[in-house]
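Presented below is the structure to which this report refers.
Start at 1 and go down the list; that is how both ligands and their atoms are numbered.
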Amino acid sequence: MIRVGVLGARGRVGIEVCKAVEAADDLELVAAVDKDDPIEELEGAQVVVDFTHPAVVMDNLAWCLSHGIHAVVGTTGFDTERLTRVRGLIEANPGVNVLIAPNFGIAAVLMMRFAQQAARYFDSAEIVELHHPNKADAPSGTARRTAELIAEARRKAGLGPMPDATSAELDGARGADVDGVHVHAVRLAGLIAHQEVILGGDGEILTIRHDTMNRASFTPGVLLGVRRIAETPGLTVGLEHLLDL
Ligand SMILES: NC(=O)C1=CN([C@@H]2O[C@H](COP(=O)(O)OP(=O)(O)OC[C@H]3O[C@@H](n4cnc5c(N)ncnc54)[C@H](OP(=O)(O)O)[C@@H]3O)[C@@H](O)[C@H]2O)C=CC1
Ligand SMILES: O=C(O)C1=N[C@H](C(=O)O)C[C@H](O)C1
């Protein structure tokens with residue numbers, strides 16, 4: 001049995017993670033911690049799953065690693081500077097591992113992979129991410145990561161900047177620029193989490209779309225991370241590294 005603690009346990013995703021851990025024969029839910037609960041409740045855990053908020057996740061990670069607990073992190077907000085700090089925390093606490101995945105949905109991981117594969121064949125690529133209006137951050141972690149993967153694939157293929165003669169008359173009209181890829185964020189009642197990657201070339205458009213239909217869809221990926229983190233040294237960014245893709 002792996003002893004699992006959940007941070008953000010009463011949140012939209014945390015509730016589903018707790019249910020999935022409780023339903024698994026090889027996992028034991030030893031602590032379900034939310035805001036204002038003492039973090040020390042996690043002390044008996046071997047692995048902590050974090051679905052909290054970008055503003056608190058770094059402190060949570062520092063606490064887990066300094067207590068010798070592996071971390072599986074779904075919370076967003078990890079830019080290069082934060083990832084460098086996480087690597088520093090791991091070096092300071094050898095033997096403790098961290099998985100950070102911007103999206104634990106298998107279809108979302110595939111969507112990112114397909115966008116990365118397609119990017120080199122098109123002049124243009126833009127991302128539209130669409131989420132529920134209570135989402136804390138924009139752009140989404142998934143959109144940011146997809147943009148980075150597209151940008152990297154374009155660089156490797158020797159592609160230059162995308163064609164764009166527009167000068168925006170209002171700030172934000174062209175979305176956010178992530179590594180040269182424009183990302184547009186929609187926040188709309190009724191949505192959960194969705195993304196379109198639109199790739200354009202000579203006389204052809206390819207649209208790759210992913211839709212999250214419920215938050216239980218994240219839990220198989222989270223449980224995979226929980227089961228594998230002890231044998232996955234250091235920092236791993238992205239669930240694709242644990243899948244046979
Ligand atoms: N990687 C992935 O696959 C996915 C990632 N996410 C990300 O996960 C994060 C959470 O999303 P979601 O579940 O929708 O958000 P919610 O706001 O529904 O849940 C977050 C929970 O964490 C609680 N919380 C806040 N601070 C702390 C703290 N210091 N310790 C413990 N709990 C705390 C919140 O309490 P309170 O409400 O009182 O502040 C809330 O109950 C976001 O960053 C989101 O982008 C979401 C879906 C999938
Ligand atoms: O906040 C959400 O809801 C989600 N957050 C993650 C992100 O920012 O990419 C994953 C998914 O999009 C749902």
Decide, yes or no, whether a salt bridge links [X] with [Y] under the criterion of side-chain N to carboxylate O below 4.0 Å.
| X | Y | answer |
| --- | --- | --- |
| R145 | E148 | yes |
| R154 | D179 | no |
| D37 | R10 | yes |
| R209 | E196 | yes |

Handout entry: Heteroatom distance test (D137, ligand 2): nitrogen or oxygen, under 3.5 angstrom
Key =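 N/O-N/O distance below 3.5 Å does not exist for this pair.
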Exercise for the section: Check whether any N or O atom of F218, backbone or side chain, sits under 3.5 Å from an N or O atom of ligand 2, and answer yes or no. Expected result: no
Practice task
Check the surroundings of atom CD in E231: do more than 12 heavy atoms from other residues, nucleotides or ligands lie under 6.0 Å from it?
Solution key: yes
Handout entry: T142 side chain to E129 side chain, donor-acceptor N/O pair below 3.5 angstrom
Key = no
Residue [X] vicinity, atoms of ligand 2 by number, heavy atom under 4.0 Å:
| X | value |
| --- | --- |
| H131 | 2 (C), 3 (O), 4 (C), 11 (C), 12 (O), 13 (C) |
| A193 | 11 (C), 12 (O), 13 (C) |
| H132 | 1 (O), 2 (C), 3 (O) |
| T76 | 6 (C), 7 (C), 8 (O) |
| N103 | 10 (C), 11 (C), 12 (O) |

Completion exercise
The option among E16, R10, K35, R12 carrying the non-hydrogen atom nearest to atom 36 (P) of ligand 1 is K35
Fill in the blank from the handout: Logged contact type for R215 with ligand 1, heavy-atom cut-off 4.0 Å, is neither
Practice task
Report yes if some N/O of V56 lies less than 3.5 Å from some N/O of ligand 1; otherwise report no.
Solution key: no
Handout entry: atom 15 (O) of ligand 1 within contact range, any protein heavy atom under 4.0 Å
Key = yes
